Amino acid sequence: MSRMYEIRWHGRAGQGVVTAGELLGEAAMAGGSHFQSFPEYGAERMGAPIKSYTRISDEPIEIHSPVLEPDMVIVVNPNLIGAVDLTEGLKEGGVLLMNTPQSPDTIRKRLDYQKGALWCVDASAIATEELRRDIPSTMMIGLVIKAMEDDSRALIDLETAVDTVEESLEGKLRPEVVEANARAVRRVYEECVKG
Amino acid sequence: MTSNRSRTFVLGEKKEMVESTYLALDGANAVSHAMRQINPDVVAAYPITPQTAVVQNFSQFVADGTVDTEFVPVESEHAAMSACIGASAAGARVMTATSANGLALMWEMLYIASGMRLPIVLTVVNRALSSPLNIHCDHSDSMGARDAGWLQLYAETGQEAYDNTIQALRIAEDSDLLLPVMSCQDGFITGHGVERVGILPDQTVQDFVGQYVANYSLLDVENPVTMGAWDFTDYYFEHKRQQSQAMNESMPIVEAVSAEYEKLSGRPQPIIDTFAMDDAEVAVIVLSSAAGTTRSVVRDLRNKGVKAGVVKPRLFRPFPAQRIVDAIKNCKAVAVLDRAISFGSPDGMGPLFLDVTSALYNAGACDVPVIDFIFGLGGRDMTPPMVESVYDQLMQIRDTGDRGDIVRYVGLRG
């Protein structure tokens, strides 16, 4: 059986969602996996709802079309609730990851979501504290790793992911900002709640 | 001037496999890296989505001094190909890239490049031709250029786009061929999709492509030649016959370069990639990224006991007719998947279908029922359920013997 893990990201254009997906893939690659990461290109305007996809597998990935039935859905921007069908196609027993200040109970009610696990974290608050800006996409990787571990499908470990994030930012950002990003990934990993 | 290059590498030399380094690259960037490693003398290009990233990344290598290529930012694709032709005629190793309307604007110059037997390598990041305006993938651009005298390679993945780019150069420059090569990959799907891509060491690529010494060069004043001159009713016909013969006889060169690259990289480089075809009853022939999606469906179908298979030509020009006939001649139903329409052909068939069916007819293999599916125009997704519906229709033909509509559509509404 193929052990492919399929992820769909939801965010708004300009939030770094595509980059986060690529970094997640790179972290998987660093751990020896194959990956694919690609956005769904629509009308390209800042703030528009966008989707992006990441596939991770221990074998070369042959399929070249959007993920229809994700194992995991990651919602980077909480205000997409009601604007986009966030759980569309999500597998039974799949995982939904939310950046939200709200509790898992509230999110379950708002989305009428029962079919899988739910993890919530206020990544925007962490981003604002650590980076002084609400750019939570990359740090959601910490939540992906936590949820995968909980689901006994640990395809990426936290240290590899933090290293990948650091390497990708080094040379582009000041060392203290790189450090803050790494710290944010770890904080998301620690501060998320399942419910 | 003597020819002291590529053939010496093709014949007999035993090379060990060299380990690749794995990078996270999109298909466009993978080609930029191949170009960086090749370090061509001249690149002349004009940006167009989704090709832009190829040249953008490469121009960064130029700016950084990583390569010593003469980079010519021109005012149009017509000028890009014109500059490539001039540079190649002068004896330079030349590469460029484009998409869709950019390729269309090169049209006049494409024929001039091949007619002058200039070994230019052109990356095409496939995109739909206007109108209506669309930036997404289909094959209308490169398929429209299929009679322009260029060899054409089609890549399924970023890895193949990288591998094909390097091989394309060696094929084009082979002194027994001297024809330009188009190396195609699917826009956005492959071009902007990030995957794990194995990159050979720079020196390995340099050794593989070798030093290019043009047999005939306008700058070789000791051996003056005329290129692209007036060619009247007296010789034009003979020259075109020679050009056609060169293309017809290019297969052994493509094979030799592919075999050598396969040994070097450890990655298979078949002319046509066949999967589960040995006992296949129902088969699909498809180019580029959709071949991977099709193969993943075939794995599932095989698990369910369906004798399904898939054929992916990596080479479209010259058309590997005999290989395709051999692969499908025992099938009970075959579908060709075309990401372009040859407007005005019978029922609006696709270009791949036209060549597959003509190959079957000419080989006397007329008993295989073959149908054509037009798919994915303007970037319409080709999903596994759509591929399954193709195989469902093939199984129906297998079971009933009724070929039904020859040209069908998949993923089309209404």
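We name chains A, B, ... by the order of the sequence lines, and we start the count at 1 in each one. Not measured: the values here are computed from a predicted model.
For B/K312, the NZ atom is densely surrounded, since the number of other residues' heavy atoms within 6.0 Å is greater than 12. For CD of A/Q102, the number of neighbouring non-hydrogen atoms (other residues, nucleotides, ligands) closer than 6.0 Å is greater than 12. Heavy-atom neighbours of B/D278 CG from other residues, nucleotides or ligands within 6.0 Å: at or below the threshold of 12.
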Run the side-chain contact (heavy atoms from CB on, under 4.5 Å) test on A/F38 and B/D26 for me, step by step, so that the C-alpha distance in whole Å, both residues' side-chain angles and the decisive distance to 0.1 Å come before the verdict. CA-CA 9 Å; A/F38 57 101; B/D26 58 37; over 6 Å; no
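Side-chain contact check for B/P385 versus A/L68: some heavy-atom pair is nearer than 4.5 Å.
Proximity to chain B is absent for every atom of A/T54, based on heavy atoms less than 4.5 angstrom apart. Residue A/P60 does not touch chain B at all, counting heavy-atom pairs closer than 4.5 Å. Residue contact with chain B, scored on non-hydrogen atoms closer than 4.5 Å, involves the side chain of A/E22 exclusively. Heavy atoms of B/L23 lying under 4.5 Å from chain A belong exclusively to its backbone. Contact of B/Q159 with chain A is not made at all, since no heavy-atom distance falls under 4.5 Å.
Summarising the geometry of B/A24 relative to A/E26, their closest heavy-atom pair is CB-CG, 3.2 Å, with the distance given to 0.1 Å. Listed here is the closest heavy atom pair of A/H64 and B/S289: ND1-O, 3.4 Å. Annotation for A/S33 and B/R196: closest pair O-CD, 3.8 Å, computed over non-hydrogen atoms.
Considering OG1 of B/T293 and CD1 of A/I61, their distance stands at 11.5 Å, rounded to 0.5 Å. Distance CG/B/L25 to CE/A/M29: 8.0 Å, rounded to 0.5 Å.
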